[in-house]
Colleague: 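To start, I am sharing the structure in question, which I have written as C-alpha coordinates.
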Amino acid sequence: MSALQVYNSLSRQKETFQPLEAGKVGMYVCGVTVYDQCHVGHARVMVVFDTIYRWLQTSGYAVSYVRNFTDVDDKIIQRAQLANIDIDELTQSMIDAFHRDMDALGCLRPTLEPRATTHMPEMIEMIQALIEKGFAYVADSGDVLYAVRQFAEYGKLSGKNIDELESGSRVDVDHHKHDPLDFVLWKQAKAGEPSWDSPWGKGRPGWHIECSAMSCKHLGATFDIHGGGMDLKFPHHENEIAQARAANGGDFAKYWLHNGFVNINAEKMSKSLGNFFTIAEVLEQYDPEVLRMFILSTHYRSPLDYSDAALDVAKAGLDRLYESKRKLVDVQAGELPQAFVDAMNDDFNTAEAVAILFETCRALNKQYDENLAASFVAMSQMLNILNYEPDVWFQGADVNATAIETLVLARDEAKKAKDYGKADAIRDELLAQGIVLEDSAEGTRWKKV
RNA sequence: GGCAGGGUGGCUCAGUGGUACGGCGGGGGAUUGCAAAUCCCUUAUUCGCGAGUUCGAUUCUCGCCCCUGCCUCCA
(Lines give C-alpha, C1' and ligand atoms only; values in the text may rest on other atoms or scores of the structure.)
Protein backbone atom coordinates (compact mmCIF):
# COMPACT_ATOMS: atom_id res chain seq x y z
CA MET A 1 0.00 0.00 0.00
CA SER A 2 1.46 3.31 -1.07
CA ALA A 3 1.72 6.06 1.51
CA LEU A 4 -0.40 9.18 1.17
CA GLN A 5 1.54 12.12 -0.19
CA VAL A 6 0.09 15.60 0.10
CA TYR A 7 1.30 18.85 -1.35
CA ASN A 8 1.81 21.22 1.56
CA SER A 9 1.58 24.88 0.58
CA LEU A 10 3.70 25.66 3.61
CA SER A 11 6.72 23.72 2.38
CA ARG A 12 5.79 23.95 -1.31
CA GLN A 13 6.36 20.27 -1.86
CA LYS A 14 4.71 16.93 -1.49
CA GLU A 15 5.13 15.39 1.93
CA THR A 16 4.28 12.00 3.32
CA PHE A 17 1.13 12.48 5.33
CA GLN A 18 1.58 11.70 9.00
CA PRO A 19 -1.28 12.58 11.29
CA LEU A 20 -0.54 14.06 14.66
CA GLU A 21 -2.41 11.25 16.29
CA ALA A 22 -2.37 7.78 14.78
CA GLY A 23 -5.58 6.95 12.96
CA LYS A 24 -7.11 10.38 13.40
CA VAL A 25 -7.25 13.47 11.24
CA GLY A 26 -8.49 16.94 12.08
CA MET A 27 -9.34 18.96 8.99
CA TYR A 28 -10.58 22.51 8.78
CA VAL A 29 -11.78 24.05 5.53
CA CYS A 30 -12.77 27.67 5.11
CA GLY A 31 -16.43 27.73 4.23
CA VAL A 32 -18.40 30.53 2.70
CA THR A 33 -19.61 33.94 3.69
CA VAL A 34 -23.34 33.56 3.52
CA TYR A 35 -24.51 36.68 1.72
CA ASP A 36 -25.26 35.24 -1.71
CA GLN A 37 -25.67 32.06 -3.74
CA CYS A 38 -22.62 29.91 -4.29
CA HIS A 39 -21.02 29.69 -7.71
CA VAL A 40 -19.01 27.02 -9.49
CA GLY A 41 -15.81 28.17 -7.78
CA HIS A 42 -17.34 27.32 -4.43
CA ALA A 43 -18.54 24.02 -5.85
CA ARG A 44 -14.96 23.15 -6.61
CA VAL A 45 -13.65 23.67 -3.08
CA MET A 46 -16.51 21.69 -1.67
CA VAL A 47 -16.18 18.77 -4.07
CA VAL A 48 -12.40 18.74 -3.75
CA PHE A 49 -12.41 18.63 0.02
CA ASP A 50 -15.33 16.25 0.08
CA THR A 51 -13.19 13.89 -1.98
CA ILE A 52 -10.22 14.40 0.32
CA TYR A 53 -12.48 13.75 3.27
CA ARG A 54 -13.77 10.55 1.67
CA TRP A 55 -10.29 9.40 0.75
CA LEU A 56 -8.97 9.92 4.27
CA GLN A 57 -11.88 7.92 5.59
CA THR A 58 -11.37 5.21 3.00
CA SER A 59 -7.74 5.11 4.11
CA GLY A 60 -8.93 4.24 7.57
CA TYR A 61 -8.73 7.56 9.37
CA ALA A 62 -11.33 8.85 11.74
CA VAL A 63 -11.71 12.35 10.37
CA SER A 64 -13.05 15.40 12.14
CA TYR A 65 -13.99 17.67 9.29
CA VAL A 66 -14.88 21.22 10.29
CA ARG A 67 -16.14 23.80 7.84
CA ASN A 68 -17.36 27.17 8.99
CA PHE A 69 -19.97 29.68 7.97
CA THR A 70 -19.03 33.33 8.13
CA ASP A 71 -22.37 34.77 9.07
CA VAL A 72 -21.45 38.28 10.09
CA ASP A 73 -19.57 40.60 7.80
CA ASP A 74 -19.86 43.88 5.87
CA LYS A 75 -21.39 42.33 2.80
CA ILE A 76 -23.98 40.46 4.80
CA ILE A 77 -25.01 43.60 6.62
CA GLN A 78 -25.16 45.51 3.37
CA ARG A 79 -27.22 42.87 1.59
CA ALA A 80 -29.65 42.57 4.44
CA GLN A 81 -30.16 46.31 4.55
CA LEU A 82 -30.62 46.44 0.81
CA ALA A 83 -33.23 43.70 0.89
CA ASN A 84 -34.69 45.22 4.03
CA ILE A 85 -34.62 41.91 5.86
CA ASP A 86 -33.18 40.72 9.10
CA ILE A 87 -29.59 39.52 8.95
CA ASP A 88 -30.52 36.16 10.44
CA GLU A 89 -33.13 35.72 7.78
CA LEU A 90 -30.57 36.36 5.05
CA THR A 91 -27.86 34.15 6.48
CA GLN A 92 -30.22 31.30 7.25
CA SER A 93 -31.67 31.34 3.75
CA MET A 94 -28.16 31.32 2.28
CA ILE A 95 -27.08 28.49 4.54
CA ASP A 96 -30.12 26.54 3.41
CA ALA A 97 -29.26 27.24 -0.22
CA PHE A 98 -25.69 26.18 0.42
CA HIS A 99 -26.83 22.91 1.90
CA ARG A 100 -29.10 22.27 -1.05
CA ASP A 101 -26.19 22.81 -3.41
CA MET A 102 -23.86 20.58 -1.41
CA ASP A 103 -26.40 17.81 -1.10
CA ALA A 104 -27.03 17.96 -4.83
CA LEU A 105 -23.32 17.71 -5.55
CA GLY A 106 -23.07 14.68 -3.33
CA CYS A 107 -20.86 16.29 -0.71
CA LEU A 108 -20.98 14.74 2.71
CA ARG A 109 -21.83 17.07 5.54
CA PRO A 110 -18.76 17.92 7.60
CA THR A 111 -18.54 16.70 11.16
CA LEU A 112 -19.20 20.23 12.32
CA GLU A 113 -20.32 23.42 10.63
CA PRO A 114 -19.67 26.16 13.17
CA ARG A 115 -21.05 29.65 12.70
CA ALA A 116 -19.08 32.74 13.60
CA THR A 117 -21.94 34.32 15.49
CA THR A 118 -22.09 31.46 17.95
CA HIS A 119 -18.38 31.65 18.75
CA MET A 120 -18.04 35.15 20.13
CA PRO A 121 -16.60 34.09 23.50
CA GLU A 122 -13.86 32.06 21.81
CA MET A 123 -12.91 34.95 19.55
CA ILE A 124 -12.91 37.45 22.36
CA GLU A 125 -10.78 35.14 24.44
CA MET A 126 -8.27 34.77 21.63
CA ILE A 127 -8.10 38.51 21.05
CA GLN A 128 -7.53 39.05 24.74
CA ALA A 129 -4.69 36.58 24.72
CA LEU A 130 -3.17 38.39 21.76
CA ILE A 131 -3.35 41.72 23.57
CA GLU A 132 -1.83 40.23 26.71
CA LYS A 133 1.03 38.72 24.78
CA GLY A 134 1.74 41.94 22.94
CA PHE A 135 0.51 40.84 19.52
CA ALA A 136 -2.49 43.14 19.44
CA TYR A 137 -3.45 46.61 20.56
CA VAL A 138 -6.48 48.83 20.90
CA ALA A 139 -6.22 51.63 18.37
CA ASP A 140 -7.44 55.20 18.87
CA SER A 141 -10.48 54.32 16.82
CA GLY A 142 -11.42 51.71 19.41
CA ASP A 143 -10.79 48.84 16.99
CA VAL A 144 -8.50 46.07 18.12
CA LEU A 145 -5.69 45.46 15.65
CA TYR A 146 -3.11 42.74 15.18
CA ALA A 147 0.47 44.05 15.22
CA VAL A 148 1.85 42.10 12.30
CA ARG A 149 5.48 43.00 12.93
CA GLN A 150 5.32 41.30 16.30
CA PHE A 151 4.90 37.95 14.64
CA ALA A 152 8.30 36.98 13.29
CA GLU A 153 7.08 34.30 10.90
CA TYR A 154 4.53 36.49 9.18
CA GLY A 155 4.59 35.78 5.45
CA LYS A 156 5.91 32.25 5.64
CA LEU A 157 2.90 30.58 4.08
CA SER A 158 2.43 33.01 1.22
CA GLY A 159 6.13 33.70 0.70
CA LYS A 160 5.67 37.37 1.35
CA ASN A 161 8.26 39.71 2.68
CA ILE A 162 6.84 42.22 5.13
CA ASP A 163 8.82 45.15 3.84
CA GLU A 164 7.88 44.48 0.25
CA LEU A 165 4.29 44.17 1.25
CA GLU A 166 4.32 47.63 2.68
CA SER A 167 5.95 49.31 -0.24
CA GLY A 168 3.62 47.57 -2.64
CA SER A 169 0.53 48.28 -0.61
CA ARG A 170 -2.42 49.20 -2.77
CA VAL A 171 -4.83 50.00 0.01
CA ASP A 172 -5.56 53.23 1.69
CA VAL A 173 -3.99 53.01 5.07
CA ASP A 174 -6.17 53.54 8.05
CA HIS A 175 -4.30 56.20 10.03
CA HIS A 176 -5.26 54.53 13.30
CA LYS A 177 -3.01 51.62 12.48
CA HIS A 178 0.43 51.59 14.04
CA ASP A 179 1.60 49.85 10.92
CA PRO A 180 -0.09 49.66 7.53
CA LEU A 181 0.01 45.87 7.60
CA ASP A 182 -1.94 45.55 10.82
CA PHE A 183 -5.35 44.01 10.40
CA VAL A 184 -8.50 44.24 12.43
CA LEU A 185 -9.45 41.69 15.08
CA TRP A 186 -12.42 43.50 16.55
CA LYS A 187 -14.42 46.29 14.96
CA GLN A 188 -16.26 48.91 16.93
CA ALA A 189 -19.98 48.76 16.29
CA LYS A 190 -21.55 51.33 14.03
CA ALA A 191 -25.12 52.45 14.44
CA GLY A 192 -27.63 49.95 13.17
CA GLU A 193 -25.15 47.11 12.84
CA PRO A 194 -25.29 43.88 14.75
CA SER A 195 -22.88 43.88 17.66
CA TRP A 196 -21.71 41.86 20.63
CA ASP A 197 -20.40 42.94 23.99
CA SER A 198 -16.68 42.75 24.53
CA PRO A 199 -13.98 44.20 26.79
CA TRP A 200 -13.48 46.81 24.05
CA GLY A 201 -17.10 47.80 23.82
CA LYS A 202 -19.83 46.69 21.49
CA GLY A 203 -18.57 45.43 18.18
CA ARG A 204 -17.97 42.48 15.95
CA PRO A 205 -15.02 40.31 14.97
CA GLY A 206 -12.79 40.69 11.97
CA TRP A 207 -12.97 37.97 9.38
CA HIS A 208 -9.64 36.31 10.06
CA ILE A 209 -10.10 35.74 13.78
CA GLU A 210 -13.23 33.72 13.13
CA CYS A 211 -11.45 30.86 11.49
CA SER A 212 -8.58 30.83 13.98
CA ALA A 213 -10.96 30.69 16.89
CA MET A 214 -13.33 28.13 15.43
CA SER A 215 -10.66 25.78 14.14
CA CYS A 216 -8.75 25.79 17.41
CA LYS A 217 -11.88 25.37 19.45
CA HIS A 218 -13.03 22.30 17.56
CA LEU A 219 -9.73 20.75 16.53
CA GLY A 220 -7.24 22.01 19.07
CA ALA A 221 -4.32 24.45 18.93
CA THR A 222 -2.50 22.07 16.60
CA PHE A 223 -4.30 20.00 14.01
CA ASP A 224 -3.59 18.21 10.76
CA ILE A 225 -5.07 19.83 7.69
CA HIS A 226 -6.27 23.29 6.83
CA GLY A 227 -7.75 23.81 3.40
CA GLY A 228 -9.34 26.40 1.19
CA GLY A 229 -9.10 28.15 -2.14
CA MET A 230 -5.77 29.53 -3.32
CA ASP A 231 -7.02 33.06 -2.98
CA LEU A 232 -7.28 32.62 0.76
CA LYS A 233 -3.59 31.95 1.18
CA PHE A 234 -2.95 35.63 1.59
CA PRO A 235 -3.93 37.38 3.65
CA HIS A 236 -6.56 35.16 5.24
CA HIS A 237 -4.55 32.06 6.00
CA GLU A 238 -1.42 34.01 6.75
CA ASN A 239 -3.40 35.97 9.31
CA GLU A 240 -4.96 32.85 10.74
CA ILE A 241 -1.52 31.46 11.38
CA ALA A 242 -0.33 34.67 12.98
CA GLN A 243 -3.34 34.78 15.29
CA ALA A 244 -3.51 31.17 16.30
CA ARG A 245 0.17 30.61 16.85
CA ALA A 246 0.66 33.84 18.72
CA ALA A 247 -2.40 33.33 20.90
CA ASN A 248 -1.94 29.73 21.96
CA GLY A 249 1.55 28.78 21.04
CA GLY A 250 0.45 25.65 19.20
CA ASP A 251 1.68 24.85 15.72
CA PHE A 252 -1.77 25.38 14.24
CA ALA A 253 -2.24 23.45 10.99
CA LYS A 254 0.45 21.01 9.91
CA TYR A 255 -0.59 20.67 6.26
CA TRP A 256 -2.03 23.50 4.18
CA LEU A 257 -3.98 22.44 1.11
CA HIS A 258 -5.12 24.94 -1.50
CA ASN A 259 -7.23 24.19 -4.51
CA GLY A 260 -6.93 25.97 -7.86
CA PHE A 261 -9.55 28.28 -9.30
CA VAL A 262 -12.32 27.81 -11.71
CA ASN A 263 -11.61 30.04 -14.68
CA ILE A 264 -13.92 31.23 -17.35
CA ASN A 265 -12.29 32.26 -20.61
CA ALA A 266 -8.94 31.91 -18.86
CA GLU A 267 -9.96 34.35 -16.17
CA LYS A 268 -10.75 33.63 -12.56
CA MET A 269 -14.44 33.18 -11.88
CA SER A 270 -15.32 35.54 -9.08
CA LYS A 271 -17.98 37.67 -7.60
CA SER A 272 -16.02 40.84 -8.12
CA LEU A 273 -15.50 40.21 -11.84
CA GLY A 274 -19.14 39.21 -12.19
CA ASN A 275 -18.23 36.35 -14.54
CA PHE A 276 -19.72 33.61 -12.44
CA PHE A 277 -22.43 31.00 -12.74
CA THR A 278 -24.17 29.93 -9.58
CA ILE A 279 -24.36 26.26 -8.82
CA ALA A 280 -28.13 26.44 -9.03
CA GLU A 281 -27.92 27.94 -12.53
CA VAL A 282 -25.62 25.20 -13.75
CA LEU A 283 -27.84 22.52 -12.26
CA GLU A 284 -30.75 23.78 -14.34
CA GLN A 285 -28.81 22.63 -17.40
CA TYR A 286 -26.76 19.74 -16.12
CA ASP A 287 -27.10 16.93 -13.68
CA PRO A 288 -25.10 17.47 -10.48
CA GLU A 289 -23.02 14.41 -11.30
CA VAL A 290 -21.84 16.16 -14.45
CA LEU A 291 -20.54 19.06 -12.40
CA ARG A 292 -18.90 16.70 -9.94
CA MET A 293 -17.31 14.71 -12.78
CA PHE A 294 -16.12 17.95 -14.39
CA ILE A 295 -14.38 18.93 -11.17
CA LEU A 296 -12.84 15.52 -10.53
CA SER A 297 -11.48 15.24 -14.06
CA THR A 298 -8.73 17.72 -13.24
CA HIS A 299 -6.19 17.67 -10.45
CA TYR A 300 -7.36 19.87 -7.59
CA ARG A 301 -4.42 22.25 -7.74
CA SER A 302 -4.68 22.90 -11.49
CA PRO A 303 -6.82 25.62 -12.95
CA LEU A 304 -10.16 24.41 -14.23
CA ASP A 305 -11.67 26.16 -17.21
CA TYR A 306 -15.43 26.36 -17.11
CA SER A 307 -17.47 26.20 -20.29
CA ASP A 308 -20.55 24.45 -21.61
CA ALA A 309 -18.29 22.44 -23.89
CA ALA A 310 -16.28 21.22 -20.89
CA LEU A 311 -19.45 20.16 -19.09
CA ASP A 312 -20.66 18.42 -22.25
CA VAL A 313 -17.44 16.42 -22.25
CA ALA A 314 -17.96 15.45 -18.62
CA LYS A 315 -21.49 14.39 -19.52
CA ALA A 316 -20.26 12.31 -22.47
CA GLY A 317 -17.78 10.58 -20.20
CA LEU A 318 -20.48 9.74 -17.70
CA ASP A 319 -22.68 8.40 -20.52
CA ARG A 320 -19.90 6.02 -21.44
CA LEU A 321 -19.52 4.87 -17.84
CA TYR A 322 -23.26 4.44 -17.45
CA GLU A 323 -23.33 2.22 -20.54
CA SER A 324 -20.91 -0.02 -18.68
CA LYS A 325 -22.92 0.15 -15.52
CA ARG A 326 -25.79 -1.50 -17.42
CA LYS A 327 -23.85 -4.74 -17.32
CA LEU A 328 -23.62 -4.67 -13.55
CA VAL A 329 -26.54 -6.19 -11.77
CA ASP A 330 -26.39 -6.51 -8.02
CA VAL A 331 -22.64 -6.10 -7.96
CA GLN A 332 -21.16 -5.23 -4.59
CA ALA A 333 -18.20 -2.93 -4.25
CA GLY A 334 -14.94 -4.86 -4.22
CA GLU A 335 -11.33 -3.88 -3.81
CA LEU A 336 -10.04 -0.65 -5.24
CA PRO A 337 -7.39 -1.33 -7.88
CA GLN A 338 -3.89 -0.61 -6.68
CA ALA A 339 -3.38 1.92 -9.48
CA PHE A 340 -6.43 3.81 -8.26
CA VAL A 341 -5.17 3.77 -4.68
CA ASP A 342 -1.77 4.98 -5.83
CA ALA A 343 -3.35 7.80 -7.79
CA MET A 344 -5.40 8.97 -4.84
CA ASN A 345 -2.43 8.65 -2.54
CA ASP A 346 -0.45 10.85 -4.87
CA ASP A 347 -1.85 14.12 -3.62
CA PHE A 348 -5.42 13.11 -4.40
CA ASN A 349 -4.88 12.77 -8.14
CA THR A 350 -8.50 12.33 -9.14
CA ALA A 351 -7.72 12.94 -12.82
CA GLU A 352 -5.56 9.84 -12.82
CA ALA A 353 -8.10 7.97 -10.72
CA VAL A 354 -10.81 8.76 -13.25
CA ALA A 355 -8.53 7.55 -16.04
CA ILE A 356 -8.28 4.22 -14.24
CA LEU A 357 -12.03 4.05 -13.94
CA PHE A 358 -12.27 4.51 -17.71
CA GLU A 359 -9.70 1.82 -18.31
CA THR A 360 -11.73 -0.54 -16.17
CA CYS A 361 -14.79 0.51 -18.11
CA ARG A 362 -13.20 -0.46 -21.41
CA ALA A 363 -11.97 -3.78 -20.05
CA LEU A 364 -15.43 -4.50 -18.75
CA ASN A 365 -17.06 -3.67 -22.08
CA LYS A 366 -14.64 -5.95 -23.78
CA GLN A 367 -15.21 -8.84 -21.48
CA TYR A 368 -17.29 -8.99 -18.35
CA ASP A 369 -15.39 -10.02 -15.26
CA GLU A 370 -16.68 -10.16 -11.71
CA ASN A 371 -13.59 -8.69 -10.12
CA LEU A 372 -13.44 -5.86 -12.60
CA ALA A 373 -17.11 -5.17 -12.01
CA ALA A 374 -16.59 -5.11 -8.28
CA SER A 375 -13.72 -2.65 -8.52
CA PHE A 376 -15.66 -0.54 -11.01
CA VAL A 377 -18.35 -0.18 -8.38
CA ALA A 378 -15.82 0.51 -5.63
CA MET A 379 -14.21 3.29 -7.64
CA SER A 380 -17.45 4.94 -8.61
CA GLN A 381 -18.62 4.81 -5.01
CA MET A 382 -15.37 6.34 -3.83
CA LEU A 383 -15.71 9.20 -6.29
CA ASN A 384 -19.43 9.33 -5.56
CA ILE A 385 -20.55 9.24 -9.17
CA LEU A 386 -22.71 6.79 -11.14
CA ASN A 387 -25.31 6.79 -8.41
CA TYR A 388 -28.31 6.55 -10.75
CA GLU A 389 -29.77 3.48 -12.30
CA PRO A 390 -28.65 3.61 -15.95
CA ASP A 391 -32.20 3.81 -17.25
CA VAL A 392 -32.91 6.76 -15.02
CA TRP A 393 -29.69 8.42 -16.11
CA PHE A 394 -30.45 7.96 -19.81
CA GLN A 395 -34.20 8.35 -19.80
CA GLY A 396 -34.80 10.81 -17.03
CA ALA A 397 -37.75 10.67 -14.74
CA ASP A 398 -40.08 12.24 -17.29
CA VAL A 399 -43.55 10.92 -17.80
CA ASN A 400 -44.14 10.42 -21.49
CA ALA A 401 -42.20 7.16 -21.43
CA THR A 402 -45.29 5.18 -22.33
CA ALA A 403 -45.81 7.17 -25.52
CA ILE A 404 -42.21 6.51 -26.49
CA GLU A 405 -42.46 2.85 -25.67
CA THR A 406 -45.59 2.50 -27.75
CA LEU A 407 -43.69 3.80 -30.76
CA VAL A 408 -40.74 1.56 -29.96
CA LEU A 409 -43.03 -1.45 -29.97
CA ALA A 410 -44.60 -0.35 -33.24
CA ARG A 411 -41.14 -0.10 -34.75
CA ASP A 412 -40.22 -3.55 -33.47
CA GLU A 413 -43.32 -4.92 -35.22
CA ALA A 414 -42.33 -3.18 -38.44
CA LYS A 415 -38.81 -4.55 -38.12
CA LYS A 416 -40.13 -8.05 -37.65
CA ALA A 417 -42.19 -7.60 -40.79
CA LYS A 418 -39.04 -6.31 -42.50
CA ASP A 419 -40.82 -3.06 -43.19
CA TYR A 420 -37.66 -1.02 -42.67
CA GLY A 421 -39.14 2.06 -44.25
CA LYS A 422 -41.71 2.26 -41.54
CA ALA A 423 -39.27 1.27 -38.83
CA ASP A 424 -36.86 4.01 -39.85
CA ALA A 425 -39.65 6.54 -40.07
CA ILE A 426 -40.57 5.84 -36.46
CA ARG A 427 -36.93 6.05 -35.42
CA ASP A 428 -36.59 9.41 -37.17
CA GLU A 429 -39.75 10.63 -35.54
CA LEU A 430 -38.36 9.76 -32.12
CA LEU A 431 -34.99 11.26 -32.95
CA ALA A 432 -36.76 14.51 -33.73
CA GLN A 433 -38.00 14.39 -30.15
CA GLY A 434 -34.47 13.84 -28.90
CA ILE A 435 -34.85 10.10 -28.43
CA VAL A 436 -32.20 7.70 -29.66
CA LEU A 437 -32.86 4.00 -30.11
CA GLU A 438 -30.47 1.14 -29.57
CA ASP A 439 -31.22 -2.35 -30.81
CA SER A 440 -29.61 -5.19 -28.99
CA ALA A 441 -30.06 -8.88 -28.37
CA GLU A 442 -32.23 -8.09 -25.37
CA GLY A 443 -34.50 -5.81 -27.35
CA THR A 444 -34.73 -2.14 -28.17
CA ARG A 445 -33.68 0.51 -25.68
CA TRP A 446 -34.27 4.22 -25.89
CA LYS A 447 -32.52 7.16 -24.32
CA LYS A 448 -32.56 10.90 -24.42
CA VAL A 449 -29.88 12.62 -26.38
C1' G B 1 8.02 44.73 -9.09
C1' G B 2 7.66 40.38 -5.27
C1' C B 3 5.55 35.55 -4.58
C1' A B 4 2.88 31.15 -6.42
C1' G B 5 1.41 28.00 -10.44
C1' G B 6 1.19 26.99 -15.57
C1' G B 7 2.59 26.22 -21.20
C1' U B 8 1.69 18.12 -23.44
C1' G B 9 -2.06 15.78 -30.03
C1' G B 10 -8.12 19.19 -33.04
C1' C B 11 -10.09 20.16 -27.73
C1' U B 12 -9.29 18.49 -22.67
C1' C B 13 -6.41 16.26 -18.90
C1' A B 14 -2.53 12.91 -16.41
C1' G B 15 2.51 11.46 -16.27
C1' U B 16 7.70 9.99 -16.67
C1' G B 17 15.50 10.47 -17.06
C1' G B 18 14.80 5.96 -22.06
C1' U B 19 9.70 9.47 -27.45
C1' A B 20 3.73 10.03 -23.57
C1' C B 21 -2.46 7.92 -19.31
C1' G B 22 -7.50 8.78 -19.89
C1' G B 23 -11.83 11.41 -21.95
C1' C B 24 -14.12 14.13 -26.10
C1' G B 25 -13.63 14.69 -31.36
C1' G B 26 -11.69 12.83 -36.46
C1' G B 27 -10.47 8.58 -39.87
C1' G B 28 -10.73 3.14 -40.92
C1' G B 29 -12.64 -1.74 -39.59
C1' A B 30 -15.88 -5.44 -36.85
C1' U B 31 -20.98 -5.72 -35.44
C1' U B 32 -26.06 -3.98 -37.32
C1' G B 33 -31.33 -4.58 -42.37
C1' C B 34 -29.42 0.60 -41.77
C1' A B 35 -28.32 3.00 -37.28
C1' A B 36 -27.17 3.56 -32.04
C1' A B 37 -24.18 1.39 -28.29
C1' U B 38 -19.79 -1.57 -27.92
C1' C B 39 -14.99 -3.54 -29.47
C1' C B 40 -10.37 -3.26 -32.58
C1' C B 41 -6.90 -0.16 -35.39
C1' U B 42 -5.55 4.83 -36.22
C1' U B 43 -4.97 10.20 -34.97
C1' A B 44 1.91 14.09 -30.74
C1' U B 45 8.55 12.88 -34.56
C1' U B 46 9.50 20.94 -31.54
C1' C B 47 5.76 17.47 -24.67
C1' G B 48 6.52 26.99 -25.10
C1' C B 49 11.89 28.70 -27.01
C1' G B 50 17.32 28.37 -26.35
C1' A B 51 21.43 26.33 -23.84
C1' G B 52 23.61 22.92 -20.17
C1' U B 53 24.08 18.15 -17.33
C1' U B 54 23.53 12.99 -19.15
C1' C B 55 24.83 7.30 -23.00
C1' G B 56 19.91 9.46 -23.36
C1' A B 57 15.40 15.04 -21.26
C1' U B 58 9.20 16.27 -22.47
C1' U B 59 10.79 14.93 -17.41
C1' C B 60 16.87 17.78 -13.91
C1' U B 61 19.69 22.91 -14.10
C1' C B 62 20.08 27.94 -16.14
C1' G B 63 18.24 31.83 -19.27
C1' C B 64 14.20 33.65 -22.20
C1' C B 65 9.05 34.17 -24.09
C1' C B 66 3.92 33.79 -23.06
C1' C B 67 -0.44 32.88 -19.70
C1' U B 68 -3.07 32.90 -14.93
C1' G B 69 -3.49 33.96 -9.85
C1' C B 70 -2.16 36.43 -5.14
C1' C B 71 0.03 40.98 -3.20
C1' U B 72 -7.61 44.80 -1.31
C1' C B 73 -12.86 41.51 -0.23
C1' C B 74 -12.76 36.80 -2.81
C1' A B 75 -13.33 29.37 -2.66
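Below, read A as the first sequence line, B as the second, and so on, with proteins coming before strands; counting in each chain starts at 1.
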Colleague: How is V262(A) classified with respect to the nucleic acid when contacts are heavy atoms under 4.0 Å: base, sugar-phosphate, or nothing?
Modeller: base
Colleague: Taking the six-membered ring of Y368(A) as reference, does the NZ or CZ atom of K327(A) fall below 6.0 Å from its centre and within a 45° cone about the axis?
Modeller: no
Colleague: Which nucleotide, C21(B), G69(B), A75(B), lies nearest any side-chain atom of H39(A)?
Modeller: A75(B)
Colleague: Enumerate the residue pairs fulfilling salt bridge (Lys or Arg N to Asp or Glu O under 4.0 Å) with a member in residues 292-303 of chain A, sequence neighbours excluded, ordered by first and then second residue.
Modeller: D50(A)-R292(A), R301(A)-D347(A)
Colleague: Looking across every strand, which nucleic acid part, if any, lies under 4.0 Å from H236(A) by heavy atom: base, sugar-phosphate, or nothing?
Modeller: nothing
Colleague: Given C34(B), G23(B), A75(B), which nucleotide is nearest the side-chain atoms of D439(A)?
Modeller: C34(B)
Colleague: Tell me the interatomic distance from N259(A), atom CG, to C70(B), atom P, rounded to whole angstroms.
Modeller: 13 Å
Colleague: Under 4.0 Å between any heavy atoms, over every strand shown, what does F261(A) touch: base, sugar-phosphate, or nothing? Just pick one.
Modeller: base
Colleague: Give the rounded distance in Å between these two atoms: NZ of K315(A) and P of C11(B).
Modeller: 24 Å
Colleague: For residues F294(A) and Y286(A), establish whether the separation of their ring centroids is below 6.0 Å.
Modeller: no
Colleague: If you measure only the distance, is there a donor-acceptor pair under 3.5 Å linking the side chains of N345(A) and S2(A)?
Modeller: yes
Colleague: For RNA chain B, find the residues of residues 359-368 of chain A with a heavy-atom distance under 4.0 Å and give them by number; none if there aren't any.
Modeller: E359(A), R362(A), N365(A), K366(A)
Colleague: Using a cut-off of 4.0 Å on non-hydrogen atoms, how would the nucleic acid contact of G31(A) be classed: base, sugar-phosphate, or nothing?
Modeller: sugar-phosphate
Colleague: For the residue pair Y65(A) and Y53(A), categorise the inter-ring angle as parallel (less than 30°), tilted (30 to 60°) or perpendicular (more than 60°).
Modeller: tilted
Colleague: Check each residue of residues 418-433 of chain A for a non-hydrogen atom within less than 4.0 Å of any atom in RNA chain B, then write out the ones that pass by number, or none.
Modeller: Y420(A), D424(A), R427(A)
Colleague: Whether the Y322(A) and E289(A) side chains hold a donor-acceptor pair (N or O, under 3.5 Å, no angle test) is what I'd like checked.
Modeller: yes
Colleague: Under 4.0 Å between a side-chain N or O of R320(A) and OP1 or OP2 of C39(B)?
Modeller: yes
Colleague: Assign D312(A) to base, sugar-phosphate, or nothing according to its heavy-atom contacts below 4.0 angstrom with the strands shown.
Modeller: nothing
Colleague: Rounded off to whole Å, could you give me the CZ-to-P distance for the R445(A) and A35(B) pair?
Modeller: 19 Å
Colleague: Considering heavy-atom distances to RNA chain B, does K160(A) or H42(A) have its closest nucleotide positioned more toward the 5' end?
Modeller: K160(A)
Colleague: Give every donor-acceptor pair under 3.5 Å between a side-chain atom in residues 419-426 of chain A and any protein atom, sequence neighbours left out.
Modeller:
{"unit_1": "D419(A)", "atom_1": "OD1", "unit_2": "K422(A)", "atom_2": "N", "d": "3.2"}

Colleague: Yes or no on salt bridge (charged side-chain N to carboxylate O under 4.0 Å, His left out) for D73(A) and R204(A), after CA distance, side-chain angles and deciding distance?
Modeller: CA-CA 9 Å; D73(A) 135 294; R204(A) 60 192 165 89; over 6 Å; no
Colleague: If we take the P atom in both U68(B) and C60(B), what is their distance in whole Å?
Modeller: 24 Å
Colleague: Which part of the nucleic acid, if any, lies within reach of R411(A) when heavy atoms closer than 4.0 Å are counted: base, sugar-phosphate only, or nothing?
Modeller: base
Colleague: Between the base of C21(B) and the side chain of N349(A), is one N or O donor paired with an acceptor at under 3.5 angstrom?
Modeller: no
Colleague: Under a 3.5 Å threshold, yes or no: a donor from one side chain and an acceptor from the other, between N239(A) and Q243(A)?
Modeller: no
Colleague: Pairs counted only when both distances fall under 3.5 Å, Watson-Crick or G-U: show me the 5' to 3' dot-bracket for RNA chain B, [ ] for pseudoknotted crossings and | for other-strand partners.
Modeller: (((((((..(((.........)))((((((.......))))))....(((((.......))))))))))))....
Colleague: Can you tabulate the close N/O pairs, meaning under 3.5 Å, that link protein atoms to atoms of nucleotides 4-9 of chain B?
Modeller:
{"unit_1": "G5(B)", "atom_1": "OP1", "unit_2": "Y7(A)", "atom_2": "OH", "d": "2.9"}

